[in-house]
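Take a look at the structure set out below.
Every number for a ligand or one of its atoms is a count from 1 in the order of the listing. Note that these values count all heavy atoms, side chains included, but never hydrogens, waters or copies made by symmetry. Count residues from 1 along the sequence.
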Amino acid sequence: MLHVCFVIVLSGAAEHRRPQSRIAGQSEWSEYFPDCGGSSQSPVDVITTQTKYDPSLVPVTPLGYSQHGNQPFSMHNNGHTVIVELPEWMGLGGLPWFFTAVQLHLHWGNGGPGRGGSEHTINGRSSDAELHVVHYNAELYPNMSAAMTQRDGLAVLGILIETGDETNPGFNNILNYMSRIRHADQRAFIPAFDVQSLLPKDLGRYYRYNGSLTTPPCYQSVIWTMFHERVQISKAQMEMMLYSSKIQEADRMLLQDNFRITQPLNHRVIFASFSAG
Ligand SMILES: *[C@@H]1O[C@H](CO)[C@@H](O)[C@H](O)[C@H]1NC(C)=O
Ligand SMILES: *[C@@H]1O[C@H](CO)[C@@H](O)[C@H](O)[C@H]1NC(C)=O
């Protein structure tokens, strides 16, 4: 309930972009959403030799991610991506405040060789896809809508996804149902699952910086945690992601290439929880 506003704003943004290719449309986001032209935008390219080691960065701690309960999760297509809503007892520790989980979603490319798909890149290299788990600062703000416009309002975990040989069973909890929500605004209820199974094993090594939502309205409210370890899904799983999106070609709402290109770092420093250079 609390993040309904967030989703509506994102769908509104998709309207503006509909006639153009998504990547081409990005340069015009700031005409409608001034924050998209701000100086602390996401995603960014992480240049590892320019990161700053910060030994105070402790491992992030997913809380309740594995206590998924029996109630189905709601998954929907907002015209830009697939979003799985998360129960409010899930949260995140290891940051200066307690953050409550809101939703997770994916970004990917179009399957073309070398076309990328992730939003963040590391040393100029993109991955095939990227998972974001979104949380809001429940110590400072009453809900997602209030938090999303505020500095330190949100914490997002970013997980780079690569295509490999092995099936990743955790991701089937989402991918098996994506074909049910091929069209914008469709919703499906999916069996609850262990959200931690989507994360890399090593939660101790990550990059931390202050950035933004990567879709309009691009609020500069996000404490980003980008894990160093990538997760793998199989080629067949990657194709499931691409296939469920290609079906939409007819109504020009292609759910693909839904990643934003990297943004200038400007004055910002990217901290690393480990010696990354
Ligand atoms: C979020 O909290 C604000 C401030 O208390 C309140 O005005 C608003 O109605 C709440 N929004 C939702 C969606 O609950
Ligand atoms: C983010 O911004 C806050 C407020 O300016 C600052 O205290 C904090 O150190 C910054 N964090 C990072 C990772 O740059």
**Asked** Would you say the side-chain atoms of N266 and S39 include a donor-acceptor pair closer than 3.5 Å?
**Response** no
**Message:** With no hydrogens and no angle check, just 3.5 Å: does a side-chain donor-acceptor pair link S221 and R151?
**Reply:**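 Their side chains do not contain a donor-acceptor pair, so the 3.5 Å distance test is not met.
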**Request:** For F271, counting its heavy atoms only, list the atoms of ligand 2 lying under 4.0 Å from any of them.
**Result:** 12 (C), 13 (C), 14 (O)
**Fill in**
So the atoms of ligand 2 within less than 4.0 Å of a heavy atom of R208 turn out to be 13 (C)
**Prompt:** Which ligand 1 atoms does S145 reach within 4.0 Å, using its non-hydrogen atoms?
**Reply:**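 Atoms satisfying the 4.0 Å criterion: 13 (C).
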**Asked** Could R205 and F274 be counted as a cation-pi pair, given that NZ or CZ must be under 6.0 Å from the ring centre and within 45° of the axis?
**Response** yes
**Request:** Establish whether V102 and L63 are linked, either directly or via other cluster members, by ILVMFWY side-chain heavy-atom contacts under 4.5 Å.
**Result:** no
**Selected option - heavy-atom contact closest to atom 1 (C) of ligand 2, from D54, T225, N210** =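 The nearest heavy atom belongs to N210.
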**Message:** To the closest 0.5 Å, what do you measure between NE2 (H76) and OG1 (T81)?
**Reply:**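 Going from the NE2 atom of H76 to the OG1 atom of T81 covers 9.0 Å.
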**Item:** atom 9 (O) of ligand 2 touched by protein (heavy atom, under 4.0 Å)
**Value:** no
**Request:** Specify side chain, backbone, both or neither for R151, according to which of its non-hydrogen atoms lie closer than 4.0 Å to ligand 2.
**Result:**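 Near ligand 2, R151 shows its side chain, while the N, CA, C and O stay back.
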